[in-house]
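These notes concern the structure reproduced below.
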Amino acid sequence: MQNDSDGNGRGAEGEWPLPSQPLLPIAARRAAAWCLVGLLVAAVVAVGVWLCIELSAAVTPVLLALLGSGLLGPLYRRLVAMKLNRSLAAGLTCAVLLLVVGGAGYIVVSALVDTGDQIISSLRQAAKDLSQHFGAAGTSLDDLASKSKGLVTKFGGTAASGLLTGVSAVGQFLAASVLALLLTFFFLRDSHKAVRTLSHWAPGSSAPQLERMARRGFQAIEGFMRGTTVIALIDAICITIGLLILRVPGAVGLGALVFVGAYIPYLGAFISGAVAILVALADRGFVIALWALGVVLAVQVLEGHVLQPMIQSRTVHMHPATVLLAITAGASVAGILGMLLSVPLTAAVTGVLHELRVYYTEGSDSGDTGPTASPASS
């Protein structure tokens, strides 16, 4: 009988024999594999965020163009359906975008400038009133308000000494705005070409699924931009009317602040509503402040229970905790701009993940191993 091992205890082919039991149980090996996958995904995300920060001069206009395309995409498709040339339809849509953004920006800025001093003085008075009722906490608010003028003056002196830096920042902002407008034009006009290019570059038979994912992500951005704009307009009008009825000073500026803050879900509404209540407390007293609180809460209830389900429920599905985490992450990466861009980007990622879940769930239920469904219509 031939011995299968040599003198060193190895097998006939020179290999060490496998142990009868694995070193780690299968649960530990699965956990280690998932940890490795998580580390790899985190590394890829970290590198992507780092690249976006380093290339922010190019990435920011692209993201703004995506938001603009999502906001006015339905108008462009309606113009194309009216047999207009794609270039002409995209040009008219960009002109409308320029008028809407420019007009809204002018209204908001002029309202805030006209009533800004009045709002700040009211906030300082509110801080003094709170200091009389809440002691140290109100005193801190009063100190912060009293120092705001000095901080503004100091900032103005710094800006005056760094005039070239300010001019450079304004130039970068204008260049980014022009680039975003041009990219919006090309995104609208050549969207059908982008879909074909994605289909050509997709490996194997994954083109239909990649196209569905891209469409679902962009539909989420469209739904967020359209829904948020409508909700912001309704909130601003309702709160402005309520403050005007209560004769709160700076009502138009406060309404403009509500409109801008609505693009930062939850956090923006909380801050703008708190400012309105403090202004009412300082100028109109405790009773009017309670009425202003009632107006703000009524508008928030209307938004949460009526407007959000009616306008955004069919396009954007995100838990409030997810939204708050996205806002926090966006603020840590890019400040206010990151807060504005984080939620629509999170909506797009959520839409893509939802499409992936539906695809793999249907595939596992039907035994299908490849994408067979037709692409979603635009």
Side-chain angles (χ1 to χ4, degrees), residues 67-68 71-72 96-127 129-130 141 145 148 223-312 316 320 323 327 336 339-340 343-344:
L67 298 185
L71 180 62
L72 295 179
V96 171
L97 177 63
L98 186 61
L99 290 176
V100 169
V101 174
Y106 174 77
I107 294 173
V108 171
V109 171
S110 61
L112 291 177
V113 168
D114 292 340
T115 59
D117 293 338
Q118 193 173 15
I119 292 174
I120 291 176
S121 63
S122 299
L123 289 177
R124 293 185 62 183
Q125 183 62 39
D129 295 339
L130 290 176
L141 291 174
S148 60
F224 174 83
M225 290 302 298
R226 294 199 308 268
T228 302
T229 301
V230 173
I231 291 173
L233 185 61
I234 295 176
D235 288 353
I237 291 175
C238 292
I239 289 182
T240 301
I241 292 175
L243 295 179
L244 287 174
I245 293 174
L246 296 174
R247 292 185 294 174
V248 175
V252 177
L254 292 171
L257 186 63
V258 169
F259 178 81
V260 175
Y263 284 93
I264 305 176
Y266 305 111
L267 184 61
F270 173 78
I271 294 175
S272 59
V275 171
I277 295 169
L278 288 175
V279 171
L281 175 64
D283 285 88
R284 300 286 294 149
F286 185 73
V287 176
I288 299 299
L290 288 179
W291 279 103
L293 175 62
V295 170
V296 172
L297 291 179
V299 172
Q300 295 303 315
V301 170
L302 175 66
E303 175 185 341
H305 293 82
V306 178
L307 299 180
Q308 289 279 1
M310 287 179 57
I311 297 174
Q312 288 188 335
V316 180
V323 175
I327 293 173
I336 296 178
M339 296 173 68
L340 294 174
V343 181

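When each of I239, V248, T240 is paired with L254, the side-chain contact (heavy atoms from CB on, under 4.5 Å) condition holds for V248 and for no other.
Heavy atoms only, all atoms of each residue included: T229 and Y263 are closest at OG1-OH, 2.8 Å. Summarising the geometry of V299 relative to C238, their closest heavy-atom pair is CG2-CB, 3.8 Å, with the distance given to 0.1 Å. The two residues L71 and M225 make their nearest non-hydrogen contact at CD1-O, 3.8 Å.
Using a 4.5 Å cut-off on side-chain heavy atoms (C-beta onward), D235 and F259 make no contact.
If you take CD1 on I234 and CG on L302, they are separated by 7.5 Å, rounding to the nearest 0.5 Å. The distance from atom CD1 of I288 to atom CD1 of I245, rounded to the nearest 0.5 Å, is 11.5 Å. We find the CG-CG distance between L72 and L98 to be 11.0 Å, quoted to the nearest 0.5 Å. Considering CD1 of I264 and CE of M339, their distance stands at 4.0 Å, rounded to 0.5 Å.
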For residues 267-280, tabulate all N or O donor-acceptor pairs below 3.5 Å that involve a side-chain atom, not counting sequence neighbours.
residue : atom : partner : partner atom : Å
S272    : OG   : G268    : O            : 2.9
S272    : OG   : A269    : O            : 3.3

